[in-house]
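Only one structure is covered here, and it is reproduced in the block below.
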There are 6 protein chains.
Amino acid sequence: MRTDNRTAGQLRPVQITTGCLMTAEGSALIKVGNTHVLCAATIEDTVPPFLRNTGKGWVTAEYSMLPRATAKRTPREVTKGRPSGRTHEIQRLIGRSMRSAVDMSSFGERTLIIDCDVIQADGGTRTASITGAFVAMALAFRQLIEYRALKANPIRDYVAATSVGLVGGIPMLDLCYEEDSQADVDMNVVMTGGGKFVEVQATAEHSAFDDAQMAELTELARTGIAQLVRMQKEIIEG
Amino acid sequence: MRTDNRTAGQLRPVQITTGCLMTAEGSALIKVGNTHVLCAATIEDTVPPFLRNTGKGWVTAEYSMLPRATAKRTPREVTKGRPSGRTHEIQRLIGRSMRSAVDMSSFGERTLIIDCDVIQADGGTRTASITGAFVAMALAFRQLIEYRALKANPIRDYVAATSVGLVGGIPMLDLCYEEDSQADVDMNVVMTGGGKFVEVQATAEHSAFDDAQMAELTELARTGIAQLVRMQKEIIEG
Amino acid sequence: MRTDNRTAGQLRPVQITTGCLMTAEGSALIKVGNTHVLCAATIEDTVPPFLRNTGKGWVTAEYSMLPRATAKRTPREVTKGRPSGRTHEIQRLIGRSMRSAVDMSSFGERTLIIDCDVIQADGGTRTASITGAFVAMALAFRQLIEYRALKANPIRDYVAATSVGLVGGIPMLDLCYEEDSQADVDMNVVMTGGGKFVEVQATAEHSAFDDAQMAELTELARTGIAQLVRMQKEIIEG
Amino acid sequence: MRTDNRTAGQLRPVQITTGCLMTAEGSALIKVGNTHVLCAATIEDTVPPFLRNTGKGWVTAEYSMLPRATAKRTPREVTKGRPSGRTHEIQRLIGRSMRSAVDMSSFGERTLIIDCDVIQADGGTRTASITGAFVAMALAFRQLIEYRALKANPIRDYVAATSVGLVGGIPMLDLCYEEDSQADVDMNVVMTGGGKFVEVQATAEHSAFDDAQMAELTELARTGIAQLVRMQKEIIEG
Amino acid sequence: MRTDNRTAGQLRPVQITTGCLMTAEGSALIKVGNTHVLCAATIEDTVPPFLRNTGKGWVTAEYSMLPRATAKRTPREVTKGRPSGRTHEIQRLIGRSMRSAVDMSSFGERTLIIDCDVIQADGGTRTASITGAFVAMALAFRQLIEYRALKANPIRDYVAATSVGLVGGIPMLDLCYEEDSQADVDMNVVMTGGGKFVEVQATAEHSAFDDAQMAELTELARTGIAQLVRMQKEIIEG
Amino acid sequence: MRTDNRTAGQLRPVQITTGCLMTAEGSALIKVGNTHVLCAATIEDTVPPFLRNTGKGWVTAEYSMLPRATAKRTPREVTKGRPSGRTHEIQRLIGRSMRSAVDMSSFGERTLIIDCDVIQADGGTRTASITGAFVAMALAFRQLIEYRALKANPIRDYVAATSVGLVGGIPMLDLCYEEDSQADVDMNVVMTGGGKFVEVQATAEHSAFDDAQMAELTELARTGIAQLVRMQKEIIEG
């Protein structure tokens with residue numbers, strides 16, 4: 001039995017609230033247990049230099065944690081003058097995941113920026129960010145279509161994410177912070193609506209793992225992500 | 001009549017929700033109209049170098065806006081590697097205001113840090129931060145007392161703040177962003193529970209002002225702040 | 001009696017020397033007691049991005065202290081890689097004060113930058129900077145007129161500043177460093193030639209203050225600023 | 001057939017030269033085709049703050065590319081004042097991989113730093129760095145044993161890495177830069193001497209992938225890594 | 001004939017004013033023609049880490065130009081967040097020159113910092129800084145002796161500096177900015193009171209130079225430095 | 001006798017290998033004893049702002065040491081966010097030395113950047129960098145001529161460098177690290193193929209020096225540089 005009485009294959013309670021920011025093109029506050037992330041999508045009419053005059057757009061993400069999202073206060077990154085390695089790694093992952101779901105040549109020379117700001121952190125902030133960011137992005141593109149700035153939807157597939165891990169030898173879905181810090185293997189999985197892999201990042205924290213464990217963990221992730229995609233669909237297609 | 005149908009002397013609707021962060025020593029989400037600020041108080045068992053071995057504590061504040069708090073996205077300050085002048089100015093103001101309400105020699109060599117993170121901005125973010133920060137601070141000290149780490153309450157007085165200004169020649173209370181950008185004179189006032197001045201920052205944006213206008217504006221601020229202090233009292237002493 | 005034998009309502013000896021920099025468009029070395037600030041005005045033929053193609057100009061200021069302006073050496077800000085919050089706050093104040101005196105649409109797409117470098121500091125460096133900066137600015141505009149690059153003078157009014165404060169319960173004009181560090185209330189006032197307010201920044205360092213004290217302090221500031229404006233007039237119109 | 005005439009399951013020619021730095025505790029220049037990385041291991045008698053007085057050691061890595069390692073010159077990161085997100089991500093990966101192979105409680109409160117500097121880059125710099133870094137680390141620990149500063153070898157297992165990917169639908173081993181930039185799926189795999197996973201990082205660059213493709217790619221990586229570990233063994237135990 | 005009517009072997013008018021900063025341990029404002037540098041010596045009771053517990057002291061220097069020291073305004077270095085290469089080079093030169101004149105083991109574990117701030121620049125700012133810095137340093141040590149904090153004078157020899165150059169093929173002493181920018185060879189020479197070399201930095205800006213030209217230039221520097229040392233002696237030994 | 005059995009006037013063994021980087025326009029690995037520097041020349045089709053539309057080109061250099069080039073590991077400069085003063089000084093010296101050998105108006109609006117990365121350091125890294133950088137630069141210009149992008153060779157003269165010093169009172173050529181750290185006088189000399197001075201940087205580390213010592217040291221440098229230029233000629237003109 002897990003600390004919060006879940007079964008090994010059970011997600012934490014998930015809640016996604018949209019429209020929480022008055023002026024953002026798309027926004028979603030996602031709560032996965034005690035992990036709360038505010039995702040805001042902005043559309044700007046410029047692209048990075050390497051895309052100028054190509055007719056293509058760009059999707060990128062930024063990630064940050066409020067100082068008191070964590071049990072022990074984390075100093076702001078601006079104090080050190082630079083984002084940490086962890087922040088860089090996470091925002092690159094969110095950006096790649098979003099781009100995998102979008103046809104870059106279908107929304108003109110625009111940049112969609114997704115800001116993922118963690119209000120409260122209890123493990124799985126990067127995967128919650130991806131699941132929420134997708135909703136914010138989808139709403140932003142829908143607004144562009146409603147405003148007749150776009151004809152077709154640039155989104156090609158759903159994308160959602162969760163974490164899985166081996167804790168005390170048992171494969172578990174959607175680790176909270178305490179479980180994550182005890183895990184032998186920690187894996188973040190990003191998948192499409194159809195259950196194909198977009199990203200797999202698996203790390204042996206304490207002991208290496210084999211093909212069978214790998215397969216078991218990815219299967220567990222697939223069941224969780226399927227539920228998250230169903231929630232995304234209800235919200236977006238409603 | 002104002003854009004949101006308020007009278008000149010009327011505050012925007014104010015809502016203060018406490019306990020919104022699971023692990024912070026004190027927290028308050030303050031909404032003043034469409035301006036939303038999350039205030040989190042942290043108590044750390046160290047003090048800045050200039051206070052070591054003095055037996056005194058310290059209170060300080062940090063302020064930041066989420067990128068999409070504003071109608072046009074504002075790039076994160078970490079991108080430039082340093083807080084802007086505006087951020088410095090605001091967090092110094094919040095810190096001074098909080099310190100004015102606290103007996104620094106009564107809570108040991110501890111630092112209370114208040115993080116004010118603007119989730120949504122529609123004018124008056126610095127004054128909303130002060131009003132909310134006071135609540136978060138008071139709750140943090142109360143927790144210290146409940147945990148028997150402190151005997152007496154270090155807070156000596158209430159502190160709250162609002163903005164006033166001359167808009168189209170008319171003195172108005174609690175300016176929203178649109179009013180603020182049209183104001184001839186813009187004033188931020190921080191007061192004690194008894195209506196005495198803690199800070200006055202008045203700026204003639206377009207035309208200089210005289211003693212009579214100054215008096216009229218500070219009086220207007222006093223009525224608004226009295227209401228805010230009543231709300232703080234209900235929450236804290238409740 | 002004050003440390004330097006002044007009465008409560010007396011300014012320190014003030015001396016303003018112009019033309020101290022060979023190549024600057026305008027320059028003034030202002031000495032207010034032992035506070036010495038070198039103010040240099042530069043006119044550049046560009047404007048910040050937000051003013052391009054508007055036909056309007058801009059006035060801005062930078063402020064810095066030489067390391068040994070203070071009794072204890074202050075490390076250079078470049079060592080930390082960023083200006084301090086105090087520096088930001090002061091240079092924003094000087095800039096706003098200068099802009100309040102100038103018609104921005106009357107000198108073309110030019111930027112006037114005023115550098116205020118504190119050679120020696122004994123309290124009141126920001127207000128001395130404002131009083132001196134105004135002289136340097138006026139001389140720079142006069143040079144532009146003499147060189148026939150401008151027809152009319154963009155300056156609409158005089159601007160000068162001083163500090164006042166409650167020290168030991170007594171309202172005092174033009175605080176030196178020692179008085180400033182003991183003050184209960186510290187107020188910086190910027191006024192026009194006609195005695196109207198441009199900026200008021202009042203801070204209760206130790207105890208909050210009421211309307212009567214506020215009025216007494218601003219009146220004291222008005223008498224001091226009137227003398228400073230007379231000195232500016234003699235130098236500029238002389 | 002691949003650009004350099006390799007078969008799909010063939011590694012590029014690999015060459016590891018040790019002792020190339022006169023004073024480093026361990027060093028290895030690894031050449032994987034045209035990718036050349038100089039790995040230097042340093043042992044310092046301190047640990048990061050979180051390990052002080054625990055009796056445990058630490059292993060960490062830094063990664064950098066010389067500006068002209070790439071076909072188009074890459075500006076030095078010091079010019080921007082901060083390592084890029086990519087650099088952070090890579091050096092964190094190398095560090096984790098090395099730590100997975102070492103018993104942290106067996107070499108005292110020391111830090112082993114491995115510097116991986118890419119002299120020339122043609123794809124697979126992070127995996128070549130891992131394979132080379134392991135050799136440099138093993139030599140450094142061996143020196144510590146030879147100098148009688150350690151009794152037992154802290155290394156518990158071999159660790160090596162390679163990349164695999166789907167290029168034109170075909171699973172290929174050890175991608176060069178050109179192949180990597182055309183790959184649909186790109187995967188970096190770090191394994192132990194016994195063929196268990198330490199890290200898997202798989203990214204769908206253009207199209208998502210399924211379990212079968214995942215399994216095929218990891219199997220291909222396993223055959224490549226087995227060869228790399230054989231080379232490491234010959235050098236270290238040889 | 002030179003622009004300012006000097007002969008080729010003539011220094012510009014030199015003026016050194018001491019005691020210009022109320023609280024500095026030593027201070028000197030040196031004017032060499034239109035080049036004006038304020039030199040302030042500070043003594044602190046700490047040493048850099050590499051000297052702790054050695055009983056030795058340290059002498060170091062910092063150099064900066066006020067923005068409007070130059071005909072065209074130079075942006076402050078703090079704006080870019082780091083001193084320029086030129087600044088680094090100059091302050092290292094001043095520091096080495098000062099250290100060459102001082103017995104480091106004779107004034108305890110103290111650091112003497114000399115701040116050289118260029119108020120106005122017309123060529124030769126680094127050599128004027130050295131000549132002025134020596135005076136400020138000597139006065140600071142004298143104060144230490146007067147206060148009985150030191151018994152013997154740590155200064156072993158005089159040090160002064162000037163520039164020489166080949167301008168239009170003619171060797172010239174003490175170049176002003178205009179001459180410096182036209183020079184074929186530019187040389188900064190630092191010498192002891194006895195005319196021995198402390199530093200020689202010679203640069204062929206346009207055409208390489210031979211032994212004879214080298215000898216001619218250093219001889220010219222020697223005559224100029226002898227005059228500067230005489231001035232230093234009068235001021236210090238007075 | 002010197003530590004490595006050289007005579008006082010003998011260079012360390014010098015070896016220059018070209019073409020060591022697959023894609024650089026020119027490259028040379030220079031080994032001077034145990035000092036190893038990799039020099040890479042890059043040609044870019046832009047010039048710095050001050051040369052735009054002048055038809056002239058630019059030559060610049062960057063210098064860095066790998067962390068474990070030194071016996072004790074040196075932290076990377078990117079960690080502090082800025083190059084050290086020493087790095088600035090050295091790269092400015094290399095750049096000036098290269099520019100002295102090139103006709104800037106003869107290769108169009110291009111920039112030649114020479115990266116000097118020290119793989120291993122045992123004294124004399126800046127002079128080895130200059131000697132090696134010249135070879136890399138010459139090869140890059142030759143490639144431009146071979147590709148018919150240039151008609152004539154922009155190089156006007158050879159440039160090479162070495163260090164000399166007074167060690168234990170004896171003038172010595174080409175100091176290794178140990179000698180350098182004991183030297184009373186340390187001098188870096190850059191000369192043309194014809195033995196004229198391009199740069200002389202002489203520093204009295206412990207005791208000032210006179211004309212005779214200066215002449216003796218420069219003569220020693222001349223003999224060493226003549227040998228280095230002969231090696232450069234063999235490589236370049238082959």
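Residue numbering restarts at 1 for every chain, and letters A, B, ... go by the order of the sequence lines.
Contact of E/Met187 with chain F is not made at all, since no heavy-atom distance falls under 4.5 Å. If you measure heavy-atom distances from F/Met191 to chain E, you find no contacts under 4.5 Å at all. Using a 4.5 Å cut-off between heavy atoms, F/Thr203 contacts chain E through both its backbone and its side chain. Of the atoms belonging to F/Glu219, it is side-chain heavy atoms, and not backbone ones, that fall under 4.5 Å from chain E.
In this structure, the side chains of E/His88 and F/Arg86 stay at 4.5 Å or more apart for every pair of heavy atoms.
The candidate from E/Ser97, E/Ser100, E/Ala202 with the greatest count of non-hydrogen atom pairs under 4.5 Å with chain F is E/Ala202. When each of F/Gln91, F/Lys196, F/Gln213, F/Arg92 is checked for heavy-atom pairs under 4.5 Å with chain E, F/Arg92 comes out on top. When each of F/Ala204, F/Ser84, F/Ala215, F/Gly85 is checked for heavy-atom pairs under 4.5 Å with chain E, F/Gly85 comes out on top.
One distance of note links CG of E/Asp210 with OG1 of F/Thr218; it measures 11.0 Å at 0.5 Å rounding.
With respect to the salt-bridge test (charged N to carboxylate O, under 4.0 angstrom), the residues F/Asp211 and E/Arg222 qualify.
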Next item on the list: Would you please test F/Val200 and E/Gln201 for side-chain contact (heavy atoms from CB on, under 4.5 Å) and show each step?
Entry: CA-CA 6 Å; F/Val200 177; E/Gln201 295 195 340; over 6 Å; no
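Between E/His206 and F/Arg156, the shortest heavy-atom distance links the atoms O-NH2, 4.1 Å. In terms of heavy atoms, E/Arg82 sits closest to F/Pro83 at NH1-CD, 3.4 Å.
Residues of residues 163-178 of chain F lying under 4.5 angstrom from chain E, judged on non-hydrogen atoms, do not exist here.
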